[in-house]
Number of protein chains: 2
Amino acid sequence: MNMTGHTKRPASIRDVARAAGVSYQTVSRVINDHPSVKQSTRERVVAAIDELGFRRNATALALASGRTKSVTVLTSNTTHYGYASILQGIEEAARAASYAVGIGVLESDEDSAVAAEVQRAADAGGGLIVIAYDPAGVRALGAVPGDLPVVGVVETPATPPGGDRPWVWTDDREAAYQATRHLLSLGHETVHYAAIPSSTRRTSARTSGWRQALREAGAPEHRPVQGSWGPAGGHAAGRQLAQDPSVTAILCGNDDLALGVLRALYEAGRSVPGEVSVAGFDDAPHAAYLTPSLTTVRLDFTGLGRAAFALLHDVVEESARIAPHPVSVPELVVRESSGPPPSTDH
Amino acid sequence: MNMTGHTKRPASIRDVARAAGVSYQTVSRVINDHPSVKQSTRERVVAAIDELGFRRNATALALASGRTKSVTVLTSNTTHYGYASILQGIEEAARAASYAVGIGVLESDEDSAVAAEVQRAADAGGGLIVIAYDPAGVRALGAVPGDLPVVGVVETPATPPGGDRPWVWTDDREAAYQATRHLLSLGHETVHYAAIPSSTRRTSARTSGWRQALREAGAPEHRPVQGSWGPAGGHAAGRQLAQDPSVTAILCGNDDLALGVLRALYEAGRSVPGEVSVAGFDDAPHAAYLTPSLTTVRLDFTGLGRAAFALLHDVVEESARIAPHPVSVPELVVRESSGPPPSTDH
DNA sequence: TCACTCCGTGTGACCGGTCACAATCTCGGC
DNA sequence: GCCGAGATTGTGACCGGTCACACGGAGTGA
């Protein structure tokens with residue numbers, strides 16, 4: 001069509017209007033599916049639209065109408081499997097709804113840095129999804145101005161908020177409970193916990209699920225060993241635990257942590273699962289291929305991301321009611337890394 | 001300040017102008033650091049700005065000026081370590097330059113899907129960074145309209161483009177070369193390659209670096225075994241290679257693949273590094289904690305992301321010249337998974 | 001036949017900035 | 001004490017859409 005070399009700027013509704021012999025407002029009505037446009041007119045406009053290759057300018061739409069059709073995800077580290085998967089889920093759902101997805105990384109959990117990042121996200125104009133699994137995220141969620149549409153992806157709240165609260169979560173508490181029960185049922189006297197950094201000063205959902213299982217079984221409770229998010233933190237925690245010969249079962253805050261723990265146990269000469277059983281969380285892709293392969297609890301992060309977006313969508317579109325969006329329940333996956341404790345009875 | 005419950009809409013430059021007793025244009029000058037504003041006026045305006053909590057509306061800026069201060073990253077799977085790290089690097093650099101970061105995931109490499117995704121990204125209005133390590137990405141890079149500012153993150157090009165081409169890459173070819181040389185220098189007769197999916201029909205940069213090292217050493221060359229991106233693909237490839245007793249060294253397209261290969265070798269009863277040596281790429285966080293820990297080539301993906309953004313920034317800001325932005329060179333990290341071949345001479 | 005509604009369409013203002021240009025002020029030099 | 005250059009500041013149009021409302025014509029009931 002356009003053989004003249006100049007980069008011609010994209011067609012606007014007025015260009016289309018001219019080509020179709022109508023007013024720009026009529027074009028606007030057509031692209032918004034407004035009912036009161038005569039069939040024949042509509043067809044003429046549509047023809048002009050795809051002859052000129054018109055696409056509605058998202059910026060102008062946002063400015064004029066206030067509606068933005070975009071989400072910004074605030075998160076602290078996109079390289080961790082869980083976070084990356086949530087992001088993937090959000091993007092997938094957003095794409096289906098033709099929303100743009102923005103991302104802002106919380107590099108520090110210092111108040112001013114977090115506030116700045118929230119500001120930046122707010123400037124984008126659309127809705128916000130805050131992944132609040134860690135202190136930075138929690139702080140960010142708290143710093144979001146009250147008038148912005150926002151959904152938090154959080155740990156299982158102690159008391160579940162009503163169905164209309166804009167939060168989603170997987171049932172981490174239940175997941176930890178299941179994993180701990182599994183280990184106890186194999187005959188371990190108790191289960192130690194190598195924790196991921198908690199989102200709050202209070203105990204995390206995973207911690208409390210673990211505690212509950214121990215308590216119900218009357219098993220001795222030890223303090224969780226503090227780890228970080230990655231294998232390095234797991235390794236450090238594992239070294240500590242490996243020194244204590246009474247430790248026969250370790251629950252790890254996530255699969256990366258578990259990897260570090262496995263390595264530390266190996267270095268200490270303690271066999272898994274012969275002497276020590278290990279379980280993780282998440283069922284990250286590598287869990288099944290480790291040696292020994294890792295017993296873990298599968299969490300549906302992608303689904304969680306989709307649910308977060310769906311909820312945000314409900315909020316911004318102010319559709320009649322804000323429906324809860326279900327996330328699939330955690331599922332224990334038993335593999336090689338867990339087994340009965342070494343027999344001491346003879 | 002605002003004790004009246006109503007969510008009042010944010011202050012505009014006209015609000016600020018009124019408060020400071022100047023025209024809106026003067027406010028515009030102040031927020032753009034235009035030199036010709038009297039010191040005293042500027043101070044008055046600045047005072048009004050932070051009294052009203054004014055923030056420049058990004059949408060209006062984009063519409064009025066055309067400048068957008070945003071990048072959209074087109075990528076195919078944000079959960080893989082390399083991709084996620086590049087994204088992290090881009091975001092970091094973008095944040096420093098106060099650019100917004102958008103993300104679009106290429107779920108399929110089918111032409112129409114890719115084209116739609118490119119369109120969506122173009123609608124955002126800003127620059128584009130396309131991660132073109134795989135067919136979907138390559139196709140997307142090709143589908144970007146010529147008038148859009150775009151930077152590709154690509155495999156080492158066969159013939160390096162001039163310094164002004166908007167592409168960045170790590171030296172994958174060199175990385176593969178180094179890793180292969182390392183294995184050969186340990187005494188292996190040859191090195192097999194479990195490949196990640198190539199970005200093109202032609203051989204990938206990693207493949208050709210590997211080939212070159214073999215050729216130079218006069219080692220027999222076998223066809224690469226095709227894997228996927230994750231451990232599952234590595235596992236399949238590993239099973240295949242494990243059946244061949246002549247295989248003593250395997251180079252894997254990335255660390256995840258290597259994990260799967262290690263597992264397959266374990267299942268086949270072949271010890272690493274006793275009978276078979278394995279090396280990966282990337283130095284992902286888990287590489288150091290596997291058992292055996294993984295020999296790999298460290299690639300600076302975060303730096304690559306930063307460089308990609310810097311280059312894009314050069315392009316859109318039309319600063320005098322487009323400078324090449326260096327990315328640190330690959331570095332071989334030798335760990336437990338590689339060693340001399342089993343001795344056959346007695 | 002006339003007022004009254006409903007349908008289809010057009011006009012003008014506006015969203016919150018920027019740009020181009022005009023208008024006013026200020027000051028040094030003669 | 002007047003003039004022109006440069007420094008400051010203001011005005012109007014515009015970016016590409018939307019919104020509120022006005023307008024002409026067809027159909028309808030009285």
Residue among B:I31, B:V46, B:V27 satisfying side chain to side chain contact (heavy atoms under 4.5 Å, CB included) with B:V16: B:V27

Please round to the nearest 0.5 Å and tell me the distance separating atom CD1 of A:I103 and atom OG1 of A:T78. 5.0 Å

Which part of the nucleic acid, if any, lies within reach of A:S36 when heavy atoms closer than 4.0 Å are counted: base, sugar-phosphate only, or nothing? base

Could you give the angle between the helix axes at the two ends of the helix from C:dT1-D:dA30 to C:dC30-D:dG1, with five pairs per end, rounded to 10 degrees? 60°

When you measure from every atom of DNA chain D, which of residues 57-72 of chain B have a heavy atom less than 4.0 Å away? B:L63, B:A64

Which pairs pass salt bridge (charged side-chain N to carboxylate O under 4.0 Å, His left out) with one or both residues in residues 54-78 of chain A, sequence neighbours excluded? A:R55-B:D123

Under 3.5 Å, which protein N or O atoms sit close to an N or O of nucleotides 22-28 of chain D? Give each pair with its distance.
none

So, with a heavy-atom separation below 4.0 Å from DNA chain D, the residues of residues 12-23 of chain B are B:V22, B:S23

Is the distance from the ring center of A:W229 to that of A:Y83 below 6.0 Å? yes

About how many Å separate CZ of B:F309 and CD of B:E91, when rounded to the nearest 0.5 Å? 10.0 Å

Taking the side chain as every heavy atom from C-beta outward, state whether B:V144 and B:V130 have any pair of such atoms under 4.5 Å apart. yes

Rounded to the nearest 0.5 Å, what separates atom CD1 in A:I49 from atom CZ in A:R42? 10.0 Å

If you look at every strand shown and take non-hydrogen atoms under 4.0 Å, does A:R42 touch a base, only sugar-phosphate, or nothing? nothing

B:A115: which residues meet the side-chain contact (heavy atoms from CB on, under 4.5 Å) condition with it, sequence neighbours left out? none

With sequence neighbours excluded, tell me which residues meet salt bridge (Lys or Arg N to Asp or Glu O under 4.0 Å) with A:R120. A:E117

Sequence neighbours excluded, every pair satisfying salt bridge (charged side-chain N to carboxylate O under 4.0 Å, His left out) that has a member inside residues 15-36 of chain A: A:R9-A:D15, A:D15-A:R18

Non-hydrogen atoms of A:L63 and B:T59 that approach each other most closely: N-CG2, 3.6 Å

I'd like to check the side-chain contact (heavy atoms from CB on, under 4.5 Å) partners of B:A143; sequence neighbours left out, ordered by chain and number. B:V118

Looking at B:S65 and B:L61, would you say the former's side chain and the latter's main chain have a donor-acceptor pair under 3.5 Å? yes

List in chain and number order the residues that pass salt bridge (Lys or Arg N to Asp or Glu O under 4.0 Å) with B:E107, two or more places apart in sequence or in another chain; answer none if no residue qualifies. A:R95

Range on DNA chain C touched by chain A - first to last nucleotide, heavy-atom distance under 4.0 Å: C:dG8 to C:dG16

Listed by chain and number, what are the salt bridge (Lys or Arg N to Asp or Glu O under 4.0 Å) partners of B:E92, not counting sequence neighbours? B:R306

